[in-house]
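Reading through the structure tokens given below for one structure.
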Amino acid sequence: MPKEEVPDLKVIAHMQGIRKRFPGVLANDQVDFELREGEVHALLGENGAGKSTLMNILAGLYHPDSGTINIRGKQVSFNSPQDAIKVGIGMIHQHFMLVPSQTVTENVLLGLNDPPFIINLKDYDDKIRQLGERLGLIVDPRAKIWQLTVGEQQRVEILKMLYRGTNVLIMDEPTAVLAPSEIEDLFLTLRKMTAEGKSIVFISHKLNEITEISDRVTVLRRGKVTASGINTRETTREKLAELMVGREVLFRIDKKPVKPGDVVLSVENVQAENDKNLQSLRGLSLQVRAGEIVGLAGVAGNGQSELAEVITGLRKCTAGKICIHGQDTTNQSTLTSIRQGVSHIPEDRTHVGSAPNLSITDNVIMKNYNQQPIGMGWLINSLAANRFATKLKDEYEITAPLINTPVRLLSGGNLQRVILAREISSKPKLMVAVQPTRGLDVGAIEGVQRLLMQQREAGAAVLLISEELEELLSLSDRIYIIYEGQIMGEVTDGDIRKIGLMMTGTPLDKIGKEITEEDGK
Amino acid sequence: MENNIPGSKKRRLRFPYKIRVEPRLVEAPGWVSVLLTIASIILALMVGAVLIALGGGDPIKAYIHIGKASFGSLGVFSDTLVKATPLMLVGLACSIAFRMKLWNIGAEGQFFIGAFAASVVVLLPVLPDSSPKWLFILIMFIFGFIGGALWGVIPGFLKVKFNVNEIISTLMMNYIAVFWNNYFIYAVWSEGGFQMSKTFPKNAWLPRLSDFAKDAPIFQGLTTHLGLVFAVIAAVIIWFILYRSKWGYEIRLIGDNAKAAKYSGISIGKNIILVMALSGGLAGLAGMSEISGVVHRLQGSISPGYGFTGIIIAWLAKLNPLAVIVVSILFGALILAGRELQPKGIPTMIQGVIFVFLIASDFFVRNRILFSRNIEE
Ligand SMILES: Nc1ncnc2c1ncn2[C@@H]1O[C@H](COP(=O)(O)OP(=O)(O)OP(=O)(O)O)[C@@H](O)[C@H]1O
Ligand SMILES: [Mg+2]
């Protein structure tokens, strides 16, 4: 029997008439939100719709301008996250707040009064291990945070909240940083938690995740609720997309036939090391032609980011050769590669792609501040710079009060738009796009995919590095598969079976036999 | 169970309110930080008053005296400006470096080398004593700037090439600079056994307001010299560089996120060297202006720690070059009052208290403090 038909389902948290204004934006406008015991409640909405703001209010980080919050029927007013934790509400933010040099246990215990002095952590190690095992949160309590993968760090954040007795867990875009297999593990944990009666608020832009994990959905658009707690089962992806964007969203992109031109990027037998000085690219070769989107599929950490950096001059290769437009550009400077028309959407948007305390204007001129009309002699023409920023803000629908707002105050998706606007507007000849749609809402994803298509039609060469197979399949003309710093093979017909096998390390020439053998049976 | 009794006793003794500190997530509006700056200066003066009273003085009289001693008449105000001049240049030197998160705390040493290099022009000599004034000033200006710039570039180079921490290298080089200077005033240019050089010829003095007293009697006895003009123009130029030039954009970008700067194709190493050169050059210019505008000879005690006060000034001015002018005048006033006031340490102490309060105010801008009743659990 579906849960929602049980009559006495307890409402655990009820927010009513929530309003929150930031300078220049009404982030939440008369928002109602109801969370029941034992449910996964998805929160959906465009970039800047106010999802994070609403949940920051529920978690005690922000104070609403007006509106009430009831927890189990009792009205509360939080002054800090600690107040919220006291009544069992905890939030996990997209950027984790862990101390890298300390162990898992130490991080979990941080800020608690028990134990008063850290003397014997062994008992606590066991306690935390047991808690984790119960819910499928496998992580070594004695490992230091910096040794853990992003997925493991997220588990520590969850453990931290559970250890504090949280029974409402708010997760802000938890899957954006996870590999597909880690997402599966996370969902298992979430299911175990709801089975114990805990409630979860789940923010995501990925509709398939929402339909998979959530019981109910609330949709926000420009700070207002457009659908309140509808049953996930009674809706479709298309309907949800329409609710959040306000128009129909096409999930299919039509790909016009473009005849590939000359080879723009050619990578030959390149080797490079990663930040830990371990060999990360082991003789990798690939080619991208003009008018072609080439996908690079692979499990994260197999050398994708290093490849992007080597091509854009941010990392030195130890061997091999890189040519752009037939010109040898191996180990050239980043500036030269920018001048040659190479644009780069980096994987890490906050630490590499933007300067948080500088304005939108200063962030969009990062690549062209020394070119006409923005750079004039040794000066910057601030009028031209502002005009450029205003134009991009309108064209790429960046939601922000002013162009001199520091980008640190933008919502996650809007920051991504700032970076995209800068990189696409430069009309690149070669574009290296790493996870370009991460953190974007469906409407914006559609927009970015269309922009990438336009690049292709305009004759640019695009190297699309992504972990989302669906995106790769719908956009790419060809897909290379990377595994441990080498190309396993190339797929032109979108055969998922082959891609899957190569992603786990079987080279293409070996697969041919396996598949025909299987088919023969 | 036994624990219950002492526990409850403890609870009764507890302060009934809880104070919590949390980082602000919502930006504090701009006026908060201005208000807090003013409030912290007032608070600092009040704490200073208490300390003066404890020391047996009359705080109100003391403050009136400080005010009078620094701003009371055209004459003393002019003296305040003389004190403020090197502070402005050194404050600018620190501001531009700190903007790029380059912790140049070697302005003191760069100041001494600037002073030394300017003296070389007269004492080596580079120019004969009979050279025209404009030529003296020009060459001393260039020497002072280049001297300081070199002293700044060395740690910059070490940082770029060998990743040597600039805090340590600039600090060490302060000592080298002072001893270098001492060697010359003790051994080479010592005048009649005193630890100072001969007085510079008048041609090598920066013009003062009093030089124009013949035409404008109001300037009679005013010691404000051309260095002030250098400092103000420098502040405007630095502001312009930071906010209107490509180079300034690069500096601000590196200062905010060096990785993003690298990704934008900006060379960090080149900028470290250039900014250290400008920073050192400005501090060197402060030394030149002090030597040629005030002391008129090379000697040991040419700086009461200007280079270190510059760090404070840069910080108080929130690294804004124009604010450096205002803050420097305030500090100039405090230094000047220090000469008049007994006990002598009072203005220095007030400086320190203001600084502590300003750091504290910055803390309040970043964090919010919450008071809540202790709930019995
Ligand atoms: N601390 C802040 N100061 C000023 N404006 C803010 C602040 N936090 C959020 N905003 C603004 O409020 C609006 C809503 O932001 P919020 O982060 O809630 O969006 P979101 O729905 O989480 O979007 P995304 O999917 O892109 O993460 C945005 O326009 C954002 O710029
Ligand atoms: Mg968000």
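Every chain is numbered from 1 and lettered A, B, ... according to where its sequence line falls, protein lines coming before strand lines.
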Give a yes or no answer on whether the side chain of B/Asp256 reaches the backbone of A/Asn357 with a donor-acceptor pair at less than 3.5 Å.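 Flag set: sc B/Asp256 to bb A/Asn357 pair under 3.5 Å.
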Determine whether a donor-acceptor pair (N or O, by modelled atom type, separation under 3.5 Å) exists between the side chain of B/Tyr249 and the backbone of A/Ile380.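 No, B/Tyr249 side chain to A/Ile380 backbone: no donor-acceptor pair under 3.5 Å.
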To the nearest 0.5 angstrom, please state how far the CG atom of A/Leu335 sits from the OG atom of B/Ser264.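 Here the interatomic distance stands at 10.0 Å.
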Hey, what do you get for CG (A/Leu314) to OH (B/Tyr263), rounding to the nearest 0.5 Å?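 One gets 8.5 Å once the value is rounded to the nearest 0.5 Å.
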Using every non-hydrogen atom in the two residues, find where A/Asn370 and B/Lys246 come nearest and quote the distance to one decimal.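 So the minimum-distance heavy-atom pair works out to CA-CE, 3.7 Å.
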Please walk me through it: do B/Leu253 and A/Met366 pass side-chain contact (heavy atoms from CB on, under 4.5 Å)? CA-CA 9 Å; B/Leu253 191 56; A/Met366 258 159 73; 3.7 Å; yes
Identify which of A/Ile365, A/Asn381, A/Ile374 forms the greatest number of heavy-atom pairs closer than 4.5 Å to chain B.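 When all of A/Ile365, A/Asn381, A/Ile374 are compared, A/Ile365 has the most.
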Among A/Gly353, A/Pro356, A/Gly375, which residue forms the greatest number of heavy-atom pairs with chain B at distances under 4.5 Å?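 Result: the option with the highest number of such pairs is A/Pro356.
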Quick one: what part of B/Tyr243 sits under 4.5 Å from any heavy atom of chain A, side chain, backbone, both or neither?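 It is neither, since no heavy atom gets under 4.5 Å.
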Contact origin within [X] toward chain B - heavy atom pairs under 4.5 Å:
X        : value
A/Glu423 : side chain
A/Leu358 : both
A/Thr312 : neither
A/Ser333 : neither

Test item: B/Asn257 and A/Ser354 side chains (from C-beta on) under 4.5 Å apart, heavy atoms: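 No; the side chains remain at least 4.5 Å from each other.
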Can you tell me if NZ on A/Lys427 sees more than 12 non-hydrogen neighbours from other groups inside 6.0 Å?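 12 or below, so no.
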Please check if atom NZ in B/Lys159 has more than 12 non-hydrogen atoms from other residues, nucleotides or ligands closer than 6.0 Å.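 For B/Lys159, atom NZ is crowded (more than 12 foreign heavy atoms under 6.0 Å).
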What's the verdict on side-chain contact (heavy atoms from CB on, under 4.5 Å) for B/Arg244 and A/Trp378, showing C-alpha distance, side-chain angles and the deciding distance? CA-CA 9 Å; B/Arg244 289 287 178 272; A/Trp378 59 282; over 6 Å; no
Not counting sequence neighbours, which residues clear salt bridge (charged side-chain N to carboxylate O under 4.0 Å, His left out) with A/Arg422? List them please.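 For A/Arg422, no residue satisfies salt bridge (charged side-chain N to carboxylate O under 4.0 Å, His left out) once neighbours in sequence are set aside.
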